[in-house]
Protein chains: 2
Amino acid sequence: MKSGPHVTLADVAQSADVSLATASRVLNGTASVRTDLRDRVMSAASELAYAPNAHAQALAGGTHRTVGVICHDVSDPYFSAVAGGVMKVANGNGLLVMLADTFRDPDREVAYVSALRAQRASAIVLIGSAFEDRSWERAMAAELDPYRRVGGQVAAVSRHRGLKVDTVLPDNRGGAAALAKALVGLGHKRFAVLAGPARLTTVCDRVDGFAEELAAHGVPLSDEDVLETTFDRDGGYEAAKRLLERPKRRRPTCVFAVTDLMAIGALAAFREAGVSVPGEVSVAGFDNIPVVRDLTPALTTVALPLEQLGERAMDLALKASGTRPRTVRLGAEVVLRESTARPKRPHRPL
Amino acid sequence: MKSGPHVTLADVAQSADVSLATASRVLNGTASVRTDLRDRVMSAASELAYAPNAHAQALAGGTHRTVGVICHDVSDPYFSAVAGGVMKVANGNGLLVMLADTFRDPDREVAYVSALRAQRASAIVLIGSAFEDRSWERAMAAELDPYRRVGGQVAAVSRHRGLKVDTVLPDNRGGAAALAKALVGLGHKRFAVLAGPARLTTVCDRVDGFAEELAAHGVPLSDEDVLETTFDRDGGYEAAKRLLERPKRRRPTCVFAVTDLMAIGALAAFREAGVSVPGEVSVAGFDNIPVVRDLTPALTTVALPLEQLGERAMDLALKASGTRPRTVRLGAEVVLRESTARPKRPHRPL
DNA sequence: CTGTTAGCGCGTTCAT
DNA sequence: ATGAACGCGCTAACAG
């Protein structure tokens, strides 16, 4: 911004005919000041529409009331719900938040941490699943470590392997396992999983938890039954289309999409193809984003306390951590709705 | 943040055995410096994990690379889509954005502008419908005017009566009118409108546009056919419930919810009550948030270019405005889908 | 209770 | 090409 003729504290002080210090004191309520001076300063400030320079305040050792939030994609309901939780407690604590949207670009994520560090944000909250990538972790750590060394707080939602940060951990594994169990209990024996990029820890955890539970029940899940696609609605749509290309007898009776958004895409694909859900195929998602209960059929999913995820993360970031990174685990709960049912033609074991 | 022992430019300079000025020059590429010095500074900086103090930079007259965005509610798909657009172009211009969530509290909105002003944000983008409220407008103007006087850029999405700011204006009125026309064309003669708080300009524009077009076709819309409720999914649900309390013959054949989210709530209420859509009642929304095409029945709505709304607003905020506030109008387009159909039992005029 | 003054970390003239 | 010094706007010691 091409610094216009900003009104400064000095202007206010002069206009009120008091010293700089006095003006500062009344504006900040730091110390008591004679009433008449107080009034003069206040009216001068409002007269001049004075706005303190936060940069100068910060520099002079005043407080930083700003925290940073790094989010994969605000327009994804999952992330925006979590971000909402973060903002709620930030708001409650009188904090300003700088919300960065990385558009799912790992590099941009690192760049933003750097920028937030420059801003001297008092805390940084990382929202979104981490990338399983050595060099990325190294780059991230190179920013985060010095930041924390000078007192910066960091908290993350989801598992970040290499980073030793406070984290709020939804039970991806357990939730997926519980879902698998419920689905097997319904009688399904032939599954497909619509998975996102394997480098995302969230994807791995969910797929693994699901697969292991299936295995525990003696239900196979071959590699070709796990379709990797993009981590969004269109990914789910596309993967479901692929499934539909298979001959009917080789199709699964139940499809687990690792996120609700992907499940929504899958539902759309099935509807277009005239494949009835849950008549011909059951569909389940994960997250329980607000809209899925209003779908037809309402989506079976694993419910995560989305807002809480954000709230707890901000909580962690607000109270200085002691020695080791803390972990807050939040439960996941299977919500059976209409998109899943007993399979029509139960598969016999081969 | 309790200022830890931050690494400063001076530290880097000393460690590299050069002057402060030299260190500054290489780090900013401001001027050419001898290669060996350059290298020494660079490695010292990286060795010490130096992060420039953005506050000091800003204060010293350097550039501000941060803009502010004020958003009603990030977890509402409409706002998050628009916010996504804003972030996209901010990102593209190397800007850091401070995203504030007001949780639909008008006062908080003013408070945030004040904070952003203190941060010397180079631009402020207002996302969300304005409040038709004299004293609110006054308070807002009291912050905005001085801000712009010193070169601050302001842009808003939606109509803000009292504020003379650059604005991106979706065609709420025209879109609603076009929708009304289409619905009348389908044969509907008895409508209900699920409206949000009348103080929101967006609500007014949509309701008025709809009502006027109906009137133009000789279709009445009495006051009791416009149900005021909250501006969210639950509001739509609740209002639809109220509709269902009426005796069947007094029910509308078509319901227009002023936002898609409200329409989703209404759809849920009808489904619960066993009222078929569009069999017994047609439902239409407004906005075309991503998920509505995936509903069953897919929702008829008025499509707004949500991301573009944000993009254009950021564009406006980035290029200094000349004299008078500019207005960018963006069209709205009716998208007929399955949630609307010809009424089963066309009403005869009384 | 009030005013004066010394930095906070950095960009930027000025000399050199 | 490099270095010394000033000032951005403000808070927090220190005097008075």
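Here is how names work: the chains are called A, B, and so on, in the same order as the sequence lines, proteins then strands, and each is numbered from 1. These numbers come from a predicted model, not from an experiment.
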_Any side-chain N or O of A/S19 below 4.0 angstrom from OP1/OP2 of C/dT4?_
no

query = With a 4.5 Å heavy-atom cut-off, do B/T8 and B/N53 have their side chains touching?
reply = no

Between CZ of B/R65 and P of C/dC10 the distance, given in whole Å, is 19 Å

With the side chain defined as heavy atoms from C-beta on, B/A60 is closest, among C/dT4, C/dT12, C/dG9, to C/dG9

Q.
The test is side-chain contact (heavy atoms from CB on, under 4.5 Å); show your working for A/L200 and A/F231 and say whether it passes.
A. CA-CA 10 Å; A/L200 294 176; A/F231 207 42; 3.7 Å; yes

The complete set of salt bridge (charged side-chain N to carboxylate O under 4.0 Å, His left out) pairs with one or both residues in residues 308-319 of chain B, sequence neighbours excluded, reads B/R312-B/D315

Whole-Å distance, A/H6 NE2 to D/dC10 C1', equals 14 Å

With the side chain defined as heavy atoms from C-beta on, B/A21 is closest, among D/dT2, C/dT12, D/dA12, to C/dT12

- Query: For C/dC10, does either OP1 or OP2 sit under 4.0 Å from a side-chain N or O belonging to B/Q57?
  - Reply: no

Q) Is B/R159 salt-bridged to B/E132, cutoff N-O under 4.0 Å? A) yes

Q: Return yes when atom CZ of A/R329 has more than 12 non-hydrogen atoms of other residues, nucleotides or ligands closer than 6.0 Å, and no otherwise.
A: no

Here the distance between atom P of D/dC10 and atom CG of A/D11, to the nearest Å, is 8 Å

Is it the case that more than 12 heavy atoms not belonging to B/R326 sit under 6.0 Å from its CZ atom? yes

Using a heavy-atom cut-off of under 4.0 Å over every strand shown, decide if A/T8 touches base, sugar-phosphate, or nothing. sugar-phosphate

Expected list for residues 27-52 of chain B near DNA chain D, using heavy atoms below 4.0 Å, is B/S32, B/V33, B/R34, B/L37

Could you write out each protein N or O paired with an N or O of nucleotides 14-16 of chain C at a distance under 3.5 Å?
none

When rounded to whole Å, the CG to P distance for the pair B/L20 and D/dT2 reads 15 Å

For C/dG11, take OP1 and OP2 only and decide whether either is under 4.0 Å from a side-chain N or O of B/S24. yes

Q: Could you tell me whether the side chains of A/Y112 and B/N91 share a donor-acceptor contact shorter than 3.5 Å?
A: yes

To the nearest angstrom, the CD-C1' distance between B/Q119 and D/dC8 comes to 16 Å

| request: On the 0 to 90° scale, with breaks at 30° and 60°, tag the A/F131-A/H72 ring pair as parallel, tilted or perpendicular. | output: parallel

Rounded to whole Å, CD of B/Q14 lies from P of C/dG9 at a distance of 14 Å

Do A/V157 and A/V86 have side chains that get closer than 4.5 Å, going by heavy atoms?
-> no

Side-chain atoms of A/L59 come closest, of C/dC10, C/dC8, C/dT4, to C/dC8

Of the listed C/dC10, C/dG3, D/dC10, the closest approach to the A/N53 side chain comes from D/dC10

Taken to the nearest whole Å, CZ/A/R120 to C1'/C/dC10 is 11 Å

Checklist entry - Is a side-chain donor-acceptor pair under 3.5 Å present for B/S43 with B/D39? => result no

note: A/H64, atom NE2; D/dC10, atom C1'; distance rounded to Å ~ 13 Å

